[in-house]
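In what follows, chains carry the letters A, B, and so on, assigned in the order in which the sequence lines appear, proteins first and then strands, with residues in each chain numbered from 1.
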Protein chains: 2
Amino acid sequence: MREYYSITELTREFDISTRTLRFYEDEGLVQPVRRGRTRLFRPSDRHLIRQILRGKRIGFSINEIREIIQMYREPPGEVGQLKLMIKRIEEKRENLRQKRRDLEETLAELDQAEESCVERLAELGVNT
Amino acid sequence: MREYYSITELTREFDISTRTLRFYEDEGLVQPVRRGRTRLFRPSDRHLIRQILRGKRIGFSINEIREIIQMYREPPGEVGQLKLMIKRIEEKRENLRQKRRDLEETLAELDQAEESCVERLAELGVNT
DNA sequence: CACGGCATTTACGTAAAAGTCAATTCGGTC
DNA sequence: GACCGAATTGACTTTTACGTAAATGCCGTG
């Protein structure tokens with residue numbers, strides 16, 4: 001496991017811009033350490049970036065991603081906070097399950113659409 | 001099956017604004033018929049709205065949703081078009097499968113996060 | 001030490017997807 | 001025919017998630 005990654009290394013690995021990474025830092029999603037003014041990203045930052053991009057692909061906003069990231073962190077020490085956190089996690093999971101249903105339905109309709117196309121091709125005497 | 005729905009009926013049903021529906025019309029996603037200046041939405045429009053909102057929840061942009069909607073339509077009559085359409089559908093499906101993987105991973109991590117919280121609660125002697 | 005190349009900061013720009021507001025205009029009804 | 005509430009239109013505003021440009025810093029190499 002590498003100790004540090006430079007900003008450009010990560011931009012290449014994840015195919016994002018330096019602007020994007022600095023933006024994520026401004027938003028408090030990652031906190032790379034500094035050597036002088038230069039950002040040094042640790043493996044944990046790298047993992048966070050992976051999670052952020054995953055969240056984006058599913059259609060979460062930066063704020064929602066921030067919330068989710070909080071949930072991955074060490075659980076709080078206080079009972080009330082813990083219970084609140086569990087509630088939040090449950091909500092987020094319900095949200096994800098809804099997305100999954102939406103996704104399955106869309107996939108199903110696309111399956112149907114493709115089938116229609118294939119049938120239509122067959123009617124036209126094209127061998128698929 | 002009702003013949004027509006008014007704009008406000010639909011805004012209530014789907015919890016969106018009239019502005020949103022008009023925006024979707026401007027974008028060519030729905031084409032309600034008119035009686036004078038009043039929009040009359042048919043069941044097919046209603047179904048489209050359902051699909052649009054589903055697309056939004058999964059994180060598709062209006063343009064992507066427009067593409068998907070095209071795919072639900074009658075398959076084209078020309079062979080080249082048909083083959084292109086099938087290719088597009090396949091791409092979109094791959095895209096959705098990626099989203100599904102992302103989703104499952106996120107769900108798994110949230111499961112873990114919740115478990116950590118529950119354990120922590122147990123340590124603190126709280127009966128869940 | 002000059003240079004190329006990556007980094008940084010600051011500031012402004014922008015596209016998407018609506019929200020908001022003001023000014024009409026319809027359709028029904030009293 | 002006056003009136004009211006719902007609907008429409010157009011213009012302007014807002015938020016999100018960065019892009020882009022300008023000016024400058026830092027550093028290893030030849």
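Considering A:R100, A:K99, A:R101, A:K87 in turn, A:R101 is the only one that fulfils the salt bridge (Lys or Arg N to Asp or Glu O under 4.0 Å) rule with A:E94.
Note on B:Y24: every side-chain N or O is 4.0 Å or more away from OP1 and OP2 of C:dA17. Checking the phosphate oxygens (OP1, OP2) of C:dA7, a side-chain nitrogen or oxygen of A:T8 falls inside 4.0 Å. Dashed line: the shortest gap from a side-chain N or O of B:S17 to OP1 or OP2 of C:dA18 is not under 4.0 Å.
Contact between A:I89 and B:L110 at its shortest, heavy atoms only, is CG2-O, 3.7 Å. A pairwise comparison of heavy atoms in B:D45 and B:P32 identifies OD2-CA, 3.7 Å as the closest pair.
Atoms CZ (B:F23) and C1' (C:dA18) sit 6 Å apart, rounded to a whole Å. Rounded to whole Å, the distance from CD on A:E25 to P on C:dA7 is 14 Å. Counting to the nearest Å, the P atom of C:dT24 and the CZ atom of B:R37 are 12 Å from each other. Rounded to a whole Å, the CG atom of B:N63 is 13 Å from the P atom of C:dA15. When the P atom of C:dA16 is taken as reference, atom NZ of B:K56 falls 14 Å away, rounded to whole Å.
The 5' end of DNA chain D is approached more closely, in terms of each residue's nearest nucleotide, by B:I7 than by the other of B:R19 and B:I7.
Distance check: B:I65 CD1 to B:L29 CG gives 7.0 Å after rounding to the nearest 0.5 Å.
Among the atoms of the strands shown, base atoms are found under 4.0 Å from some heavy atom of A:R22. Within the nucleic acid shown, B:R34 comes within 4.0 Å of sugar-phosphate atoms alone, with no base atom in reach, counting heavy atoms only. Residue A:T18 is classed as having no contact, given no heavy-atom separation below 4.0 Å to the nucleic acid.
Residues passing the side-chain hydrogen bond (donor to acceptor under 3.5 Å, both in side chains) test with A:R2 are A:E9, sequence neighbours excluded.
Note that the first and last nucleotides of DNA chain D, 5' to 3', having any atom under 4.0 angstrom from a heavy atom of chain B are D:dA7 to D:dA11.
No hydrogens or angles considered: nothing links the side chains of B:Q51 and A:E105 as a donor-acceptor pair under 3.5 Å.
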